[in-house]
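Scope of the values below: all heavy atoms of this structure, side chains included, with no hydrogens, waters or symmetry mates.
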Amino acid sequence: MQSVNRLLVDSVHLEFDKLEVLQSAFITARTGRVTGVLGRNGCGKSCLFKCIMGGIEPQNIFIRFNDEPETDYGHIGKRVKFLPQHVFIPSDMTLGEAFKLYGVDYDGLVTFDNKYHTYQKLTAGELSGGEVRVAEMYMVLNSDSEFCILDEPFSNVAPKYVEKMQELILEHKASKGIIISDHMYESVIGITDDLFLLRDGYTFPIKCREDLIHHGYILR
C-alpha cells in the first residue's frame, strides 16, 4: 500500500526593502492530491515556491513533513522536486544528459510522445521552449521525490499538450503530492483537489468558484 506523505508550509513572511511580498502565507500538500495555487501576476507565487526550495531566504518560514519533529531545510530538494517558471535545463545540455542527471528513464518520455525519440541527443537550446517544457515536466514528475512543485507548467506549451500534461499529473498524484500554479486557471482548477488563492501576501483556501469571484480573481 502506498504510504501517504504530508507537507505543511506555514507562516511564510518575505519582504524586500520593506516591501511585503508574503505575509503568513501557507499551503498544504499530500500524496494522492493535487494542490492548486492561483494568483495574479506579481502576487508572490513564484517567490513562495522559491522560499520552500531555498532559492530565496524569507524572514520566516515553517515547513513540516508528516509528523517529523525537525525539518532538514538544507536538503528539501531531495524530497521536493521543482519545475521553476522558466526553462531550467542548460541550453548546452542534451535531454538525455538531463534525464540521466535526474535518474529518469528517457524511454518513458518517448512513450509519452513518440516525437522525442529523435531528441535525446539534442540540446535544450536546439529545441523549442514548449518542447523543453514538456520534457522538463515529465522529468520532474517522474523523479524520485515525495512532492513536486510545478510553476507555470503549461507556459509556452501547445494547447494539444495541456490535456496530456494534465493526465500525467493525475497519474502521478497517486504516488506523490503535487503543487501546481498556472495562469491558465481553468486547467489548474480542472485537476486540483485543494485550491488556494494568493492575494495581498496571504493565502486563502478556495472551496468553490464563488470564492474566486469574492476575492476578485475572476468576474464570473
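The backbone N or O of Gly39 sits less than 3.5 Å from a side-chain atom of Lys45, completing a donor-acceptor pair. For the pair Gln59 (side chain) and Glu15 (backbone), a donor-acceptor distance under 3.5 Å is present. Remark: the backbone N or O of Asp194 is not paired with any side-chain donor or acceptor of Thr35 at under 3.5 angstrom. Between the side chain of Asn156 and the main chain of Gly130, no donor-acceptor pair closer than 3.5 Å is present. With Asn60 contributing its side chain and Ser11 its backbone, the two residues share a donor-acceptor pair below 3.5 Å. Remark: side-chain polar atoms of Asp182 are paired, donor with acceptor, to backbone N or O of Phe154 under 3.5 angstrom. Panel note: side chain Gln166, backbone Ser187; a donor-acceptor pair is recorded below 3.5 Å.
Phe65 and Phe147 have tilted rings, their planes meeting at an angle from 30° to 60° on a 0 to 90° scale. Ring geometry for Phe196 against Phe26 counts as perpendicular: the plane angle is over 60°, on a 0 to 90° scale with 30° as the lower cut. The aromatic rings of Phe99 and Tyr106 sit perpendicular, their planes meeting at an angle over 60°, well past the 30° parallel limit.
Counting heavy atoms from C-beta on, the side chains of Val80 and Met53 come closer than 4.5 Å. Residues Leu22 and Pro58 form no side-chain contact, since every pair of their non-hydrogen atoms from C-beta on lies 4.5 Å or further apart. No side-chain heavy atom of Ile179 sits less than 4.5 Å from a side-chain heavy atom of Val9. For the pair Leu38/Ile206, no side-chain contact is recorded, criterion being any heavy-atom separation below 4.5 Å from C-beta on. Between Phe62 and Thr71, the closest side-chain pair of non-hydrogen atoms is not below 4.5 Å. Counting heavy atoms from C-beta outward, Ile191 and Ile178 have side chains that stay 4.5 Å or more apart. Side-chain contact between Ile89 and Met139: present, with at least one pair of heavy atoms (C-beta onward) separated by less than 4.5 Å. Between Asp211 and Leu195, the closest side-chain pair of non-hydrogen atoms is not below 4.5 Å.
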| said: side-chain contact (heavy atoms from CB on, under 4.5 Å) for Asn142 and Asp105? Distances and angles first, verdict last. | reply: CA-CA 9 Å; Asn142 282 275; Asp105 182 10; over 6 Å; no
| message | Run Leu7 and Arg79 through side-chain contact (heavy atoms from CB on, under 4.5 Å) and show every step you take. | response | CA-CA 10 Å; Leu7 172 65; Arg79 307 181 71 169; over 6 Å; no
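Between the CD atom of Glu70 and the CZ atom of Arg64 there is a distance of 10.5 Å, given to the nearest 0.5 Å. A distance of 9.5 Å separates NE2 in His13 from OG in Ser24, rounded to the nearest 0.5 Å. Rounded to the nearest 0.5 Å, atoms CE (Met137) and NE2 (His172) are 9.0 Å apart. Rounding to the nearest 0.5 Å gives a distance of 4.0 Å between CG of Asn5 and CD of Glu146. Rounded to the nearest 0.5 Å, atoms OG1 (Thr203) and CG (Leu198) are 6.5 Å apart. Ile189 CD1 to Ile218 CD1: the interatomic distance, rounded to the nearest 0.5 Å, is 6.0 Å.
Remark: Arg199 is not positioned above the aromatic ring of Tyr217, lacking an NZ or CZ atom under 6.0 angstrom from the ring centre and at most 45 degrees off the axis.
Val37 and Leu141 fall into different hydrophobic clusters, where Ile, Leu, Val, Met, Phe, Trp and Tyr side chains are chained together by heavy-atom contacts under 4.5 Å. Under a hydrophobic clustering in which Ile, Leu, Val, Met, Phe, Trp and Tyr are joined whenever their side-chain heavy atoms come within less than 4.5 Å, directly or via other members, Tyr185 and Met165 fall into the same cluster. Phe204 and Ile27 sit in two unconnected hydrophobic clusters of ILVMFWY residues. Membership requires side-chain heavy atoms under 4.5 Å apart, directly or through other members. Under a hydrophobic-cluster definition in which Ile, Leu, Val, Met, Phe, Trp and Tyr are linked whenever side-chain heavy atoms come within less than 4.5 Å, directly or via other members, Val12 and Leu19 are assigned to different clusters. Cluster annotation: Ile169 is connected to Val157 through the hydrophobic network of ILVMFWY side chains, with a link wherever side-chain heavy atoms come within less than 4.5 Å.
For the pairing with Arg6, the side-chain hydrogen bond (donor to acceptor under 3.5 Å, both in side chains) check across Asn66, Thr28, Thr31, Asp67 returns one residue only, Asp67.
Between Arg209 and Glu186 there is a salt bridge, with a side-chain nitrogen of the basic residue lying less than 4.0 Å from a carboxylate oxygen of the acidic one. A salt bridge links Arg133 with Glu136: the distance from a Lys NZ or Arg NE/NH1/NH2 to an Asp or Glu carboxylate oxygen falls below 4.0 Å. Using a 4.0 Å cut-off between a side-chain N of Lys or Arg and a carboxylate O of Asp or Glu, Lys78 and Asp72 do not qualify as a salt bridge.
Defined by atom type and a distance below 3.5 Å, a donor-acceptor pair is missing between the side-chain atoms of Asp113 and Tyr138. In this structure, a donor-acceptor pair under 3.5 Å is present between the side chains of Asp151 and Ser46.
Residue Cys47 comes nearest to Leu14 through the heavy atom pair CB-CD2, 3.7 Å, listed as atom of the first residue, atom of the second, then distance. The two residues Val87 and Gly129 make their nearest non-hydrogen contact at CG2-O, 4.4 Å. In plain terms, the two heavy atoms of Pro153 and Ser181 that are nearest each other are CD-O, 3.3 Å. Here the shortest heavy-atom pairing between Phe82 and Pro84 reads O-CD, 3.3 Å. Across every non-hydrogen atom of Ile61 and Cys51, the tightest pair is CD1-O, 3.7 Å. Contact detail for Ser143 and Tyr102: the closest heavy-atom pair is CB-CD2, 3.9 Å.
A 6.0 Å sphere centred on NZ of Lys81 holds more than 12 heavy atoms belonging to other residues, nucleotides or ligands. Counting heavy-atom neighbours within 6.0 Å of Glu163 CD, excluding the residue itself, gives a total of 12 or less. A 6.0 Å sphere centred on NE2 of His214 holds no more than 12 heavy atoms belonging to other residues, nucleotides or ligands. In this structure, Lys100 places its NZ atom where only 12 or fewer heavy-atom neighbours from other residues, nucleotides or ligands lie under 6.0 Å away. When the shell of 6.0 Å around CD of Glu57 is examined, it contains 12 or fewer heavy atoms from other residues, nucleotides or ligands.
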